[in-house]
Engineer: 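Here's a structure for you.
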There are 2 protein chains.
Amino acid sequence: MEREQTASMEDYLEAIAHLCGESKVARVKHISQALGVKMPSVTSALRKLSEGGLVEHERYGYVGLTAEGDRVARDVIRRHETLYRFLSEILNIDSEVAQEDACKMEHAISSVTLESMVKFLEFVLSHPQREPTWLKNFKRYLEQGELPQECLERCVR
Amino acid sequence: MEREQTASMEDYLEAIAHLCGESKVARVKHISQALGVKMPSVTSALRKLSEGGLVEHERYGYVGLTAEGDRVARDVIRRHETLYRFLSEILNIDSEVAQEDACKMEHAISSVTLESMVKFLEFVLSHPQREPTWLKNFKRYLEQGELPQECLERCVR
DNA sequence: TTGACTTGTTAGATTCGTCTAATCATATCA
DNA sequence: TGATATGATTAGACGAATCTAACAAGTCAA
């Protein structure tokens, strides 16, 4: 299951999947707004994705994903969501920055690393109190800049 | 302190810094081997970096970093090292994959996220036993695929 | 049903990063 | 000291992804 799309094409697929999820249909203009590119760039990307069998697009009409395109888009979105959750829930990164970073890192992370990160989130956040103590302490550390005494004691105890 | 270099140029700077660190000098051929590109690509990149004042390069001669080039390279390397440590020491990713992923993600991570990740590693690994119990349990979880009973008990206790 | 507005497409330029093929410079050693 | 191998550069092409400008199609309402 190699990654056969470029970062840019993955972005298009991801955006189309989101738009189709929201309003049932995607249009060139919406895609262009979602990605911050001009419409001709979208047209040209759609032609490529269409030839690759990932997108269905009738001239001057709606845009949709094929089954295969949807599969790829889901995969990208899973990477994005996982990274976003890690960044915001573990590293405590501000929501907007976390989205931006997830958006760029989603194209760089390998599937091996992704699966490990998924398990990490599962492991850490399936904790009965949702957030284990060490994570609460880490977030305190982030704000206060020094290891909480309580934590040091606990550790050495 | 915005990121003003492309991913590709950052890779060149990083490679040059490493080569200079090892053998005191860098040559076009070594850079090309280190990055897996052909020599003309290196020559062309060096011209650009040279014009940007990041690299010193005399025709047919050695390649070195300017003070500014070194500053940028250090920054890239810091990102790489941080990501590598996180991937291998926390997510338990195989060394080779961790290097590859760090190599790609280093261009995508923001400085905000980076600093939080640095603090995360500090926090987790400054633990008296080097590795806190939860991390040991996580690694067990990775291998065995289910939450160790011991951990569940501890958590609920 | 015909303007006028919105949306989409085409054509063509640009930038970036790479490549191959050909040429040029340097170093080595017989 | 010159022939040859190695290393470096130039020239030119290519693909990816974007843009602007100009044109075409679709929509809606008076």
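We name chains A, B, ... by the order of the sequence lines, and we start the count at 1 in each one.
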Engineer: When you check the gap from the basic side-chain N to the acidic O, do A:Glu89 and A:Arg130 get nearer than 4.0 Å?
Structural biologist: yes
Engineer: Looking at B:Leu65, is its backbone amide N or carbonyl O close enough to the side chain of B:Asp70 to form a donor-acceptor pair, meaning the two atoms are under 3.5 Å apart?
Structural biologist: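 Not at all, since once roles are kept as given, no pair shorter than 3.5 Å links the two residues.
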Engineer: What distance do A:Leu114 atom CG and A:Met105 atom CE have between them, rounded to the nearest 0.5 Å?
Structural biologist: 12.5 Å
Engineer: Report all side-chain donor-acceptor pairs from residues 40-63 of chain B shorter than 3.5 Å, counting only partners two or more places apart or in another chain.
Structural biologist:
{"residue": "B:Thr43", "atom": "OG1", "partner": "B:Met39", "partner atom": "O", "Å": "3.3"}
{"residue": "B:Ser50", "atom": "OG", "partner": "B:Val55", "partner atom": "O", "Å": "3.4"}

Engineer: Determine to 10° how strongly the helix from C:dT1-D:dA30 to C:dA30-D:dT1 is bent, judged from the axes of its five-pair ends.
Structural biologist: 10°
Engineer: State which residue, out of A:Glu10, A:Arg85, A:Gln99, fulfils the side-chain hydrogen bond (donor to acceptor under 3.5 Å, both in side chains) condition with A:His80.
Structural biologist: A:Gln99
Engineer: Shortest non-hydrogen contact from B:Glu106 to B:Arg3?
Structural biologist: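 Heavy-atom minimum between the residues: O-NH1, 4.0 Å.
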Engineer: One character per nucleotide, please: for nucleotides 8-20 of chain D, 5' to 3', B when the base has a protein heavy atom closer than 4.0 Å, S when only the sugar-phosphate does, - otherwise.
Structural biologist: BBB------SBBB
Engineer: Within this structure, what is the CD1-to-P distance between B:Ile31 and D:dG7, rounded to whole angstrom?
Structural biologist: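 Interatomic distance, CD1 of B:Ile31 to P of D:dG7: 14 Å.
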Engineer: Tell me: CG of B:Leu49 to P of C:dG17, nearest whole Å?
Structural biologist: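 Going from CG in B:Leu49 over to P in C:dG17 covers 9 Å.
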Engineer: Distance check, rounded to the nearest 0.5 Å: A:Phe138 atom CZ versus A:Asn92 atom CG?
Structural biologist: 7.5 Å
Engineer: Quick one: does any side-chain atom of B:Thr82 pair with a main-chain N or O of B:Val118 as donor and acceptor, under 3.5 Å?
Structural biologist: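 No: the side chain of B:Thr82 does not pair with the backbone of B:Val118.
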